[in-house]
2 protein chains.
Amino acid sequence: MPASKKKLSLVADGRIWISTAEGKLVGKGRIELLEKIKQYGSIRQAAMAMEMSYRQAWQLIDDMNTKAQTPLVISTRGGKGGGKATVTEKGEQYITLFNSFNKKFQQLLAQQTQHFIF
Amino acid sequence: MPASKKKLSLVADGRIWISTAEGKLVGKGRIELLEKIKQYGSIRQAAMAMEMSYRQAWQLIDDMNTKAQTPLVISTRGGKGGGKATVTEKGEQYITLFNSFNKKFQQLLAQQTQHFIF
DNA sequence: TTTCGTTATACCTGTTGAGGTATAACGAAA
DNA sequence: TTTCGTTATACCTCAACAGGTATAACGAAA
């Protein structure tokens with residue numbers, strides 16, 4: 001088989017998220033951010049772990065807290081350690097909800113990709 | 001219920017496409033474009049029907065034809081009517097393939113959205 | 001050989017949004 | 001009251017991209 005006619009492999013791909021009427025609430029990146037905040041207790045450290053600027057992380061959190069009725073992340077500044085951030089119970093719920101949704105989606109992608117093999 | 005606490009309705013949302021190693025091959029918009037070309041036999045008229053510039057439509061088609069081994073659209077210029085465009089058999093196959101994939105995806109979204117009602 | 005509507009392609013420009021930098025605010029602990 | 005690391009927020013800039021405009025190429029029909 002010549003290089004110019006190398007077999008074309010097709011892959012089912014996509015992205016998912018959970019929306020409110022105001023638009024996107026949580027997707028893969030935001031959920032990962034929540035998980036890192038839960039792990040480190042700090043927005044800054046979570047951002048660093050994801051190789052994302054603090055500014056960007058903060059904006060994502062602010063957007064989530066604005067769109068959801070209940071804050072998903074609560075943060076305080078000053079004091080020991082300079083400040084901290086914690087994921088609320090509601091935030092945990094979204095993590096669980098999205099991961100379950102995403103698992104089913106990944107299964108669909110894998111299944112469909114199989115169908116693309118002629 | 002005060003307006004500030006209006007019930008938050010969550011929706012499972014997302015986008016899907018079929019990729020090659022070179023990246024995105026076809027998604028919702030491109031498939032719709034193929035269908036319009038099939039309908040009108042003209043890139044320009046298909047673009048107009050989708051309220052898209054000819055330029056953009058042409059770029060999408062060129063990208064599809066480049067990434068797929070076989071052209072999905074064949075076009076000729078000059079002659080009666082100024083030129084024309086037809087969707088190839090391969091193009092038709094992608095329309096069918098994607099629409100089937102998309103149907104299952106839409107079912108997943110609907111099903112998941114049900115789960116979001118607490 | 002002129003007309004016509006389309007395909008094909010080059011070029012230019014404004015915008016928007018991603019991202020960095022800078023700095024104020026904060027409060028517990030020392 | 002000083003220190004410290006974080007949260008919170010303003011500001012600026014540059015590149016990438018979307019999108020329009022312009023124009024060449026084309027060939028059947030009149």
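On a predicted model such as this, the values are computed, not experimentally measured, just so you know. Order of the sequence lines sets the chain letters (A, B, ...), proteins ahead of strands, with each chain counted from 1.
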*Taking only residues two or more places apart in sequence or in another chain, which ones pass side-chain contact (heavy atoms from CB on, under 4.5 Å) with B:Q111?*
A:K104, B:L108, B:H115

*asked:* Restricting to non-hydrogen atoms, name the atom on B:Q112 and the atom on B:A12 that form the minimum distance, rounded to 0.1 Å.
replied: CB-CB, 3.8 Å

_If the condition is salt bridge (charged side-chain N to carboxylate O under 4.0 Å, His left out), which residues does A:K36 pass it with, not counting sequence neighbours?_
none

*Indicate the ring-plane relationship of B:F105 and A:F105, choosing parallel, tilted or perpendicular according to the 30° and 60° boundaries.*
tilted

_Are the side chains of B:Y94 and A:L10 in contact, using a 4.5 Å heavy-atom criterion?_
yes

*asked:* Looking at A:W58, is its backbone amide N or carbonyl O close enough to the side chain of A:D62 to form a donor-acceptor pair, meaning the two atoms are under 3.5 Å apart?
replied: no

*Residues in contact with DNA chain C, drawn from residues 19-39 of chain A - heavy-atom cutoff 4.0 Å*: none

_Test side-chain contact (heavy atoms from CB on, under 4.5 Å) applied to B:S53 - qualifying residues, sequence neighbours left out_ = B:R55, B:Q56

*Watson-Crick and G-U pairing of DNA chain C, under 3.5 Å, as dot-bracket with | and [ ]*: ||||||||||||||||||||||||||||||

*Contact list for DNA chain C against residues 76-86 of chain A - heavy-atom distance below 4.0 Å*: A:R77, A:G78, A:G79, A:K80

*Taking heavy atoms of chain B and a 4.0 Å limit, find me the 5'-most and 3'-most nucleotide of DNA chain C within that range.*
C:dG5 to C:dC11

*Side chain of B:N102, backbone of B:F98: donor and acceptor closer than 3.5 Å?*
no

*Test item: B:S100 side-chain N/O and B:T96 main-chain N/O as donor-acceptor pair under 3.5 Å*: no

*Please collect all salt bridge (charged side-chain N to carboxylate O under 4.0 Å, His left out) contacts where either partner lies in residues 20-34 of chain A, sequence neighbours excluded, each pair once.*
A:R30-A:D63

_Here's a test of your reading of the structure: between A:Y54 and B:M52, which maps to the more 5' nucleotide of DNA chain D?_
A:Y54

*asked:* By the side-chain hydrogen bond (donor to acceptor under 3.5 Å, both in side chains) test, which pairs, at least two apart or in different chains, include something from residues 38-48 of chain A?
replied: A:K38-A:E92

_side-chain contact (heavy atoms from CB on, under 4.5 Å) partners of A:R77, counting only residues at least two apart_ = none

*Only counting residues at least two apart or in another chain, list the ones meeting side-chain contact (heavy atoms from CB on, under 4.5 Å) with A:N65.*
A:I61, A:P71, A:L72, A:V73

Please list, pair by pair, any protein nitrogen or oxygen found under 3.5 Å from a nitrogen or oxygen in nucleotides 12-16 of chain D.
none

*Heavy-atom pair with the smallest gap, counting every atom of B:S75 and B:I43*: CB-CD1, 4.3 Å

*asked:* Is the shortest side-chain heavy-atom distance between B:F101 and A:L109 below 4.5 Å?
replied: yes

